[in-house]
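Note that these values count all heavy atoms, side chains included, but never hydrogens, waters or copies made by symmetry.
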Amino acid sequence: ARPSAFGEEPTMSEYDAVVVGARCAGSATAMLLARAGMRVLLLDRTHPGHDTLSTHALMRAGVVQLDRWGVLPRILAAGTPPVTATTFHYADRAETVALREPLYAPRRPVLDTALLTAALEAGVEARFGADVTELERDRSGRVTGVRFRVRGPRGGEHRAGAALTIGADGLRSGVARTAAAPTTWQGSAASACVYGYWPAAAASAYEWFYRPGAAAGIIPTNDGQVCLWVGLPAAAFAAGRDAGLGGLFAAVLARMPEMHAARAAAGIGGDRVGRLRGFPGQPAFLRRPHGPGWALVGDAGYFKDPLTAHGITDALRDAELLARAALDGNRAAFARYEAERDALARPLVEVAERIAAYDWDLSDVGDLLRTESAAMRPEVAVVRSFDDDEATGTTRRAA
């Protein structure tokens with residue numbers, strides 16, 4: 001299997017599942033369904049080899065899944081360095097946790113392309129340059145597929161029928177909007193961030209820095225670089241927009257002299273590689289992730305503040321929960337998907353809400369981070385418990 005060029009037509013018009021969005025949540029879900037024997041069409045406006053807004057740190061559950069799916073070797077082959085410790089800096093006090101097993105923070109083109117390649121190898125049919133314009137429905141209102149427009153000189157209008165249409169199309173999901181997916185929980189706090197990349201000779205740890213009203217981090221990644229990010233309340237980001245992203249970045253770093261020492265110790269120097277990028281903040285939410293003929297995964301169904309560096313791990317976890325529900329295919333299975341997702345997500349999103357509010361002092365934030373760490377343990381147990389069954393591709397059903 002191979003990804004299509006822009007403008008090619010799908011090879012068939014009826015599928016078991018159409019997945020809209022080919023980033024980590026969509027490609028992972030498509031891969032798992034195809035490994036179990038489903039006919040899957042994967043659509044996206046752009047190829048996931050292009051970068052996207054993300055600070056891309058993986059937590060334990062995500063690494064466990066990538067390893068079990070056989071995707072982790074591709075990420076390591078791309079030169080993604082192991083992260084062997086996490087250090088939390090609270091002004092002039094630091095706590096380091098050595099990791100028994102490494103974590104990783106692959107750049108998104110590395111991670112997303114590795115998952116897409118695994119999906120194509122499983123038999124997924126992919127089309128890029130495809131704008132989904134409509135959800136098709138039957139007389140009862142059940143979603144029965146999509147209509148999409150392919151850009152380019154050989155483009156045109158197409159339809160793809162499917163028993164299940166999955167929205168993996170991000171925070172502002174068109175599938176969620178068109179399916180009228182209700183919001184079941186709404187947050188109010190939001191943090192903004194600014195980040196960029198610098199060359200690094202010796203970085204091997206996640207390093208998180210906290211000062212009242214501000215946060216920052218160092219994330220080792222591909223190409224001998226680190227991602228340096230700063231976080232601040234969304235209101236402060238909006239108020240400081242006239243200073244530009246560079247001004248906001250410098251203003252937060254000026255409040256964190258301990259980060260300069262950490263940068264020197266990790267061999268971070270030289271000129272920034274590429275431009276700074278910024279995220280203005282977005283309150284968290286949970287959407288109902290399923291309905292007649294449709295489902296949501298990744299940020300389309302659940303978004304929490306990126307200050308926790310847990311969004312990709314959430315997406316991979318929920319891809320597997322959704323794939324297992326889709327293979328059962330009944331209403332009870334999708335209700336179970338929502339219940340399992342929410343049971344794992346709510347403790348994380350609630351502590352993220354408190355961290356993103358930036359109304360803590362340094363002793364408070366330490367307690368909140370320990371609460372966040374404890375909230376991650378159940379999801380690690382869940383993903384470790386998944387058997388090598390249909391959803392992981394060991395057993396394939398008839399196509």
Tell me if the CG atom of Asp92 is crowded by more than 12 foreign heavy atoms within 6.0 Å.
no

State whether a side-chain donor-acceptor pair under 3.5 Å links Ser191 with Asp305.
yes

Interatomic distance, Thr55 atom OG1 to Leu228 atom CG [nearest 0.5 angstrom]
11.5 Å

Carboxylate-amine/guanidinium contact Asp131 Arg149, below 4.0 Å:
no

Can you find a pair of side-chain heavy atoms, one from Leu33 and one from Ile166, that are under 4.5 Å apart?
yes

Does Arg288 CZ have over 12 foreign heavy atoms under 6.0 Å away?
no

Between Arg108 and Asp112, is there a salt bridge with N-O shorter than 4.0 Å?
yes

When you compare the side chain of Met376 with that of Glu379, does any pair of heavy atoms fall below 4.5 Å?
yes

With a 4.5 Å cut-off on side-chain heavy atoms, are Asp361 and Tyr90 touching?
no

If you look at every heavy atom in Ser13 and Arg159, which pair is closest and at what distance?
O-NH1, 3.7 Å

Stepwise side chain to side chain contact (heavy atoms under 4.5 Å, CB included) check, Arg100 with Arg60
CA-CA 11 Å; Arg100 289 179 293 179; Arg60 176 62 54 212; over 6 Å; no

Near-ring test Trp208/Tyr210, centroid separation under 6.0 angstrom:
no

Could you check whether Arg142 pairs with Glu136 (Lys NZ or Arg NE/NH1/NH2 to Asp/Glu carboxylate O, under 4.0 Å)?
no

Stepwise side chain to side chain contact (heavy atoms under 4.5 Å, CB included) check, Leu232 with Phe249:
CA-CA 10 Å; Leu232 65 165; Phe249 191 87; over 6 Å; no

Nearest 0.5 angstrom please: His47 NE2 to Thr113 OG1, how far?
6.0 Å

Just verifying a value: how many Å separate Arg177 CZ and Leu135 CG, rounded to the nearest 0.5 Å?
9.5 Å

Would you kindly check if the NZ (Lys) or CZ (Arg) of Arg107 is within the cone defined by 45 degrees around the ring axis of Tyr197 and under 6.0 Å from the six-membered ring centre?
yes

Please tell me if the side chains of Tyr195 and Ile219 come closer than 4.5 Å, counting only heavy atoms from C-beta onward.
no

Which value, rounded to the nearest 0.5 Å, describes the distance between Trp229 atom CH2 and Phe209 atom CZ?
9.5 Å

salt_bridge(Lys304, Glu372) N-O dist < 4.0 Å:
no

Would you give the length of the straight line joining atom OH of Tyr104 to atom OG1 of Thr221, rounded to the nearest 0.5 angstrom?
12.5 Å

So does Arg354 have more than 12 non-hydrogen atoms from other groups sitting under 6.0 Å from CZ?
no

Can you tell me how far the OG1 atom of Thr371 sits from the CG atom of Leu348, to the nearest 0.5 Å?
11.0 Å

Take a 6.0 Å sphere around CZ of Arg93 and say whether it holds more than 12 heavy atoms from other residues, nucleotides or ligands.
yes

Check this for me: does any side-chain nitrogen of one of Glu157 and Arg147 sit under 4.0 Å from a carboxylate oxygen of the other?
no

Does any donor atom in the side chain of Glu134 or Thr178 lie under 3.5 Å from an acceptor atom in the other side chain?
no

With side chain to side chain contact (heavy atoms under 4.5 Å, CB included) as the test, would you mind laying out the steps for Thr184 and Phe285 before giving the verdict?
CA-CA 8 Å; Thr184 57; Phe285 62 79; over 6 Å; no

Over all heavy atoms of both residues, which pair between Ala234 and Gly281 is shortest? Give the atoms and the distance, please.
CB-CA, 4.4 Å

